Amino acid sequence: MDKISVIIPCYNEEESLPMFYQETVKELNKIDNVSYELLFIDDGSSDCTIQILKSLSMKDKDCHYHSFSRNFGKEAAMFAGLQKVTGDYCVIMDADLQHPPTLLADMYHALKVEKYDCCAGKRLDRRGEGALRNFLSRTFYKLIRSLSNMDMNDGSGDFRMMTRQVVDAILEMKEYNRYMKGIFSFVGFDTKWVTFNNADRVAGETKWNLKSLFAYAFEGIISFSTKPLKLAGIIGILLLFIAGFLGVVMIAQLLMQNGIKDFLILLEIILVLSSLQMIFISILGQYLSKDYLENKKRPIYIIKESDQNHA
Ligand code: UDP
Ligand code: MG
């Protein structure tokens with residue numbers, strides 16, 4: 001009998017969890033001939049998430065949890081989950097029911113019968129998200145596709161079921177700076193896409209704000225592309241040509257004794273150029289700092305407590 005492991009990263013999800021549990025178990029029970037486990041990763045929640053997980057694990061032998069010592073982020077929680085689960089098939093789901101459990105049976109069918117390695121959910125629309133976030137997300141995916149040569153889909157979240165082989169391949173990637181969408185794309189394998197409509201969160205609030213989304217987008221680009229570094233070189237060379245041309249113009253103007261206005265233009269050019277330099281030094285710094293953190297080999301997460309079965 002196959003075993004399906006469901007990994008659920010949870011950060012302050014006390015309101016969503018009871019409903020998530022009910023719906024997901026209902027759908028899992030509809031699949032014939034499988035056993036399952038639900039592994040909740042409490043990512044340092046400050047609400048009653050841990051209490052709910054404790055009581056779930058006590059009343060249901062198929063429910064387990066690990067609780068982090070602090071908030072390490074969803075990437076870390078997903079990694080921990082993938083490391084700990086034992087199923088033949090693993091699926092990662094959000095706790096807020098934005099990933100419909102009704103798709104689980106189809107996903108399992110795609111892997112078991114249609115012999116795909118992976119079956120991933122793709123949101124059809126971005127209903128329920130602000131216009132600005134919508135626009136920024138689309139722009140980001142366009143940018144990352146052109147920068148990284150990776151097929152990262154707009155609308156593809158982390159909702160996907162994978163075979164054990166795919167999970168093991170992902171676990172081989174032990175990098176500290178984790179960007180799961182890039183990792184999924186990097187490991188390859190045959191993926192079937194199933195679409196679903198974007199549902200609103202059942203309860204609670206999204207954990208993302210504009211600042212954290214920008215940081216995440218930047219992380220994605222830096223982790224999977226070195227093109228920004230090359231871009232710096234290309235822009236540098238272009239600027240050098242322009243500078244050469246301007247130099248000639250400037251000397252000619254100075255010779256004609258043209259006053260203060262020209263000085264201001266000169267200053268403007270210097271400012272623009274030095275700001276560009278600063279930006280690219282900062283990009284370089286970002287790459288170096290990633291390497292610095294990788295080299296420290298810090299743990300990706302720290303577990304504070306977990307239920308007995310999974311200790
Ligand atoms: N999450 C997490 N750690 C975090 C932020 C989020 O484990 O630091 C979990 C969260 O509990 C949820 C999932 O990741 O189960 C998706 O988060 P959210 O719904 O806030 O993201 P959105 O759906 O708005 O992209
Ligand atoms: Mg959500």
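The residues of the chain are indexed from 1 along the displayed sequence. Note that this is a predicted model, so its numbers are computed, not measured. In each ligand, atom 1 is the first atom listed, and ligand 1 is the first ligand listed.
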Would Phe159 and Phe196 count as a side chain to side chain contact (heavy atoms under 4.5 Å, CB included) if you check the C-alpha gap in whole Å, the side-chain angles of each, and the deciding distance to 0.1 Å? CA-CA 11 Å; Phe159 181 30; Phe196 62 93; 3.9 Å; yes
Take Val34 and Tyr108 through the test side chain to side chain contact (heavy atoms under 4.5 Å, CB included) and record every step on the way to the result. CA-CA 10 Å; Val34 294; Tyr108 176 66; 3.4 Å; yes
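No part of Ile41 comes within 4.0 Å of ligand 1, judged by heavy-atom distances. Of the heavy atoms in Asp94, both backbone and side-chain atoms come closer than 4.0 Å to ligand 1. Here Glu13 has side-chain heavy atoms under 4.0 Å from ligand 1, and that is the only part of it that gets that close.
Atoms of ligand 1 found under 4.0 Å from any heavy atom of Ala95 (numbered from 1 in listed order, with element): 15 (O). Atoms of ligand 1 lying under 4.0 Å from at least one heavy atom of Asn71, given by number and element, are 3 (N), 4 (C), 8 (O). Remark: ligand 1 atoms within the under-4.0 Å shell around heavy atoms of Asp96 are 19 (O), 23 (O). Set against the non-hydrogen atoms of Gly73, the atoms of ligand 1 under 4.0 Å away are 3 (N), 8 (O). Using a 4.0 Å cut-off to heavy atoms of Cys10, the atoms of ligand 1 that qualify are 7 (O), 11 (O). Heavy-atom proximity to Asp43, at under 4.0 Å, picks out these atoms of ligand 1: 2 (C), 3 (N), 4 (C), 7 (O), 8 (O).
Using a 4.0 Å cut-off between a side-chain N of Lys or Arg and a carboxylate O of Asp or Glu, Asp158 and Lys74 qualify as a salt bridge.
Between the side chains of His64 and Glu37, not a single donor N or O lies within less than 3.5 Å of an accepting N or O.
Side chain of Ser225 to backbone of Lys227: a donor-acceptor contact under 3.5 angstrom is found. Side chain of Ser57 to backbone of Lys54: a donor-acceptor contact under 3.5 angstrom is found.
No cation-pi contact links Arg164 to Tyr89, judged by a cut-off of 6.0 Å to the six-membered ring centre and 45° from its axis. Remark: Arg178 is positioned above the aromatic ring of Phe79, its terminal NZ or CZ atom under 6.0 angstrom from the ring centre and at most 45 degrees off the axis.
Here the protein contributes Asp96 OD2, Gln98 OE1 as N, O or S atoms under 2.8 Å from the Mg ion (ligand 2).
An N or O contact shorter than 3.5 Å links Pro9 to ligand 1 by distance.
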Show every donor-acceptor pair shorter than 3.5 Å between a side-chain atom in residues 16-26 and any protein atom, with sequence neighbours excluded, or say none if there are none.
unit_1 : atom_1 : unit_2 : atom_2 : d
Ser16  : OG     : Glu13  : OE1    : 2.9
Tyr21  : OH     : Asp60  : OD2    : 2.5
Thr24  : OG1    : Phe20  : O      : 2.8

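Neither Val272 nor Phe280 shares a network with the other; the hydrophobic side chains, linked directly or stepwise wherever heavy atoms of I, L, V, M, F, W or Y lie under 4.5 Å apart, form separate groups for each.
A distance of 6.0 Å or more separates the ring centres of Phe72 and Tyr301.
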